[in-house]
Amino acid sequence: MTGSGKDQLVNSTIQRIMFADATIEEVNAVMEQAWKAFHVYRKFSLTQRAAFMRAIARQLEECGDELLQLAMKETNLPEARLRNERARTIYQLESYAQACEQGTWLEARIDTAIPERNPLKPDIRKMLVAMGPVVVFGASNFPFAYSTAGGDTACAFAAGCPVIVKAHPAHAETSQLVADAILHAADKCNMPKGIFAHIHGVDFEVAKALVMHPNAKAVGFTGSYNGGKQLFDWANQRKEPIPVFAEMGSVNPVFLLPEKLKQAAADIAKMYAGSITLGVGQFCTNPGLIIGMESDGLQTFIDALGEEIKQIAPATMLHPGIFKNYVENRANALAQEGAEMVAVSETEPQLNQGSPTIASASGEAFLNNPILHQEVFGPYSLVIRCKDFTEMLAVAQKMEGQLTATLMATNTDISYHEELVEAVKNICGRFILNGVPTGVEVCLSMQHGGPFPATTDSRFTSVGADGIKRFARPIAFQNWPNELLPDELKDENPLGIWRTVNEELKK
């Protein structure tokens, strides 16, 4: 195929109106162009990359209310939520651009030679460099922040990687409008052709072709366990396996300790009723499991939580598929032996509206039934009633990896239950005390990732500038003359970045 023919295929993918599934030929053309762009873009300075990311942020602002109205139509999310999410997406682009320029994420290390040592110590310098084209899969529940111009895309651009986004079918038109904004920014900043591509595909074969293509060097995904695990499996079946950074959901357990319950059971219940139903429960950090020990305090909490949930009206879920899954998974959970309904919204739901629901089960039932461990994506939470501390500890130790885990506890509770604290620490990426897991701050200290099956690699975060490191790999330069080294590693430090020089952090 000629170069012009490949360009036509790429353009047809980017500019398609009816959002038909990309063909294998189109995928191949996009990936080939991304590979060419990689060899140009990886040499762009940190300042140039940051300028591109800031230009994308400006383009998103300039999309105005049209973008919000379109997203409202496709996702059923309210305008206020979408306005805040777009602001967060813009902030991510700008803050990761700043982190890109600062260069701390490069982890530059310099150990200078000691020629008089026997044996001679060579000059060795190490930094992170871009991995190559990154395939990003848009999330259904965050049309901006975890989709086309979301955190994965921003991190990949900061690292020096081209991005190929596979639009989520649930908001394909919104994704296309955001993609057009990115392409406009790329044109303004004179980015290489192929720095960004946007394709559609409902058929799994499109996703498989992207992941299996030899020019793909990493994958970013936010979504279901089944979807993320399939991408992970494909990536590891390749001749050259590649990393898949998949966030695959979590039940985000909350452990209620006795003294805290005695002090504030009703207040905690009110707080958690809001967290469970926030965004119709469609957050990866939704508290889907609450664990306590049988006591008057726990019963007060359950009663108060039930009363709160009854008063919260159902709301429309993202799309009919998610609503259908919610109804089916909730019914399956409630059908398990030992599980019982505590409360459900007293307002009759309309079409595709998820009814807030609280259920309960014993610690024994939870320990013996893996189905009760599974996420019910929506405004649902299961309260586990443990007969004593030993059973609560067993529940914590039996639990799978989570994005978050929370203790509602006093200092005395914590000192009396150190074994539980250690057990919970082993299963989560973010450990919360006396708060709710919903609400993920975009900052350098944030860890949004946890042990499998919450994510495929608990060493990394998908929120915060440390997420840039997912799409970079270390390379060491040994005995290279100063003038031939990357600017990041030259003696004179022309970029003015922080580096560890002979084990001392300095500029």
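Because the structure is a prediction, the values reported are computed rather than measured.
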Any side-chain heavy-atom pair from [X] and [Y] closer than 4.5 angstrom?
X      : Y      : value
Glu173 : Phe19  : yes
Ile276 : Ile358 : yes
Phe137 : Val211 : yes
Gln447 : Phe431 : no
Asn141 : Phe377 : yes
Val280 : Thr316 : no
Trp234 : Phe204 : yes
Leu67  : Thr174 : yes

Please report the shortest heavy-atom distance between [X] and [Y], naming the atom on each side.
X      : Y      : result
Ala218 : Ile242 : N-CD1, 4.0 Å
Pro78  : Met72  : C-CG, 4.4 Å
Ser250 : Leu403 : OG-N, 3.0 Å
Val376 : Asn329 : CG2-O, 3.9 Å
Met31  : Pro133 : CE-CB, 4.5 Å
Thr285 : Gly439 : OG1-N, 4.2 Å

Any donor-acceptor pair under 3.5 Å linking the side chain of [X] with the backbone of [Y]?
X      : Y      : value
Arg49  : Arg42  : yes
Thr357 : Ser355 : yes
Glu74  : Ala172 : yes
Ser345 : Ile312 : yes
Ser381 : Pro287 : yes
Thr461 : Gly467 : no

| field | side-chain hydrogen bond (donor to acceptor under 3.5 Å, both in side chains): pairs with one or both residues in residues 84-93, sequence neighbours excluded | value | Arg81-Glu85, Arg88-Gln92, Arg88-Tyr146

| Would one find more than 12 heavy atoms of other residues, nucleotides or ligands at under 6.0 Å from atom NZ of Lys126? | no

| CD of Glu483: more than 12 outside heavy atoms within 6.0 angstrom? | yes

Let me have the donor-acceptor pairs involving side chains of residues 219-227, under 3.5 Å, with sequence neighbours excluded, atom names and distances please.
from, atom 1, to, atom 2, distance (Å)
Ser224, OG, Gly227, N, 3.0

| remark: Residue pairs meeting ring-ring contact (aromatic ring centres under 6.0 Å, His included), one or both in residues 455-477, sequence neighbours left out, come to Phe245-Phe460, Phe245-Phe471, Phe477-Trp480

| request: Hey, could you give me each pair passing ring-ring contact (aromatic ring centres under 6.0 Å, His included) that has a residue in residues 169-193? Not counting sequence neighbours. | output: His168-His171

| field | side-chain hydrogen bond (donor to acceptor under 3.5 Å, both in side chains) partner of Ser275, chosen from Asn286, Asn252, Thr438, Thr406 | value | Thr438

| message | Consider side-chain hydrogen bond (donor to acceptor under 3.5 Å, both in side chains). Of Glu441, Arg430, Glu247, which one does His448 pass it with? | response | Glu247

| field | Residue pair Ile124, Gln478: steps toward the side-chain contact (heavy atoms from CB on, under 4.5 Å) verdict | value | CA-CA 4 Å; Ile124 302 178; Gln478 183 168 327; 3.9 Å; yes

| request: Mind checking salt bridge (Lys or Arg N to Asp or Glu O under 4.0 Å) for Glu101 and listing every partner two or more places apart, or none if nothing turns up? | output: Arg54

Between [atom1] of [X] and [atom2] of [Y], what distance do you get to the nearest 0.5 Å?
X      : Y      : atom1 : atom2 : result
Met317 : Gln282 : CE    : CD    : 4.0 Å
Glu107 : Ile497 : CD    : CD1   : 11.5 Å
Met446 : Ser462 : CE    : OG    : 10.0 Å
Arg109 : Arg125 : CZ    : CZ    : 14.5 Å
Ile195 : Phe52  : CD1   : CZ    : 5.5 Å
His39  : Trp35  : NE2   : CH2   : 4.5 Å

| task | I would like to know whether Lys193 and Gln33 meet side-chain contact (heavy atoms from CB on, under 4.5 Å); could you show each step before the answer? | result | CA-CA 7 Å; Lys193 191 173 181 64; Gln33 198 169 77; 3.5 Å; yes

| task | Begin from the C-alpha positions of Glu62 and Arg58 and carry the test salt bridge (charged side-chain N to carboxylate O under 4.0 Å, His left out) through to its verdict. | result | CA-CA 6 Å; Glu62 291 177 11; Arg58 288 194 296 272; 5.8 Å; no

| query | Between Asn332 and Gln336, does a side-chain hydrogen bond (donor to acceptor under 3.5 Å, both in side chains) hold up when you go through it step by step? | reply | CA-CA 7 Å; Asn332 187 39; Gln336 301 306 306; 3.2 Å; yes

| Among side-chain atoms of Ser175 and Thr148, is any donor-acceptor pair under 3.5 angstrom? | yes

| Electrostatic pair Lys217-Glu240, nearest N-O below 4.0 angstrom | yes

| Are Lys208 and Asp203 ion-paired here, with the side-chain N under 4.0 Å from a carboxylate O? | no

| message | Please report whether the ring centroid of Phe44 lies less than 6.0 Å from that of Tyr41. | response | yes

| query | Quick one: ring pair (Phe, Tyr, Trp, His ring centres under 6.0 Å) partners of Tyr272, sequence neighbours excluded? | reply | none

| said: Test side-chain contact (heavy atoms from CB on, under 4.5 Å) on Leu289 and Gln402; report intermediate values, then the result. | reply: CA-CA 11 Å; Leu289 200 62; Gln402 307 291 334; over 6 Å; no

| query | Yes or no on side-chain contact (heavy atoms from CB on, under 4.5 Å) for Gln59 and Ile182, after CA distance, side-chain angles and deciding distance? | reply | CA-CA 7 Å; Gln59 289 299 315; Ile182 296 173; over 6 Å; no

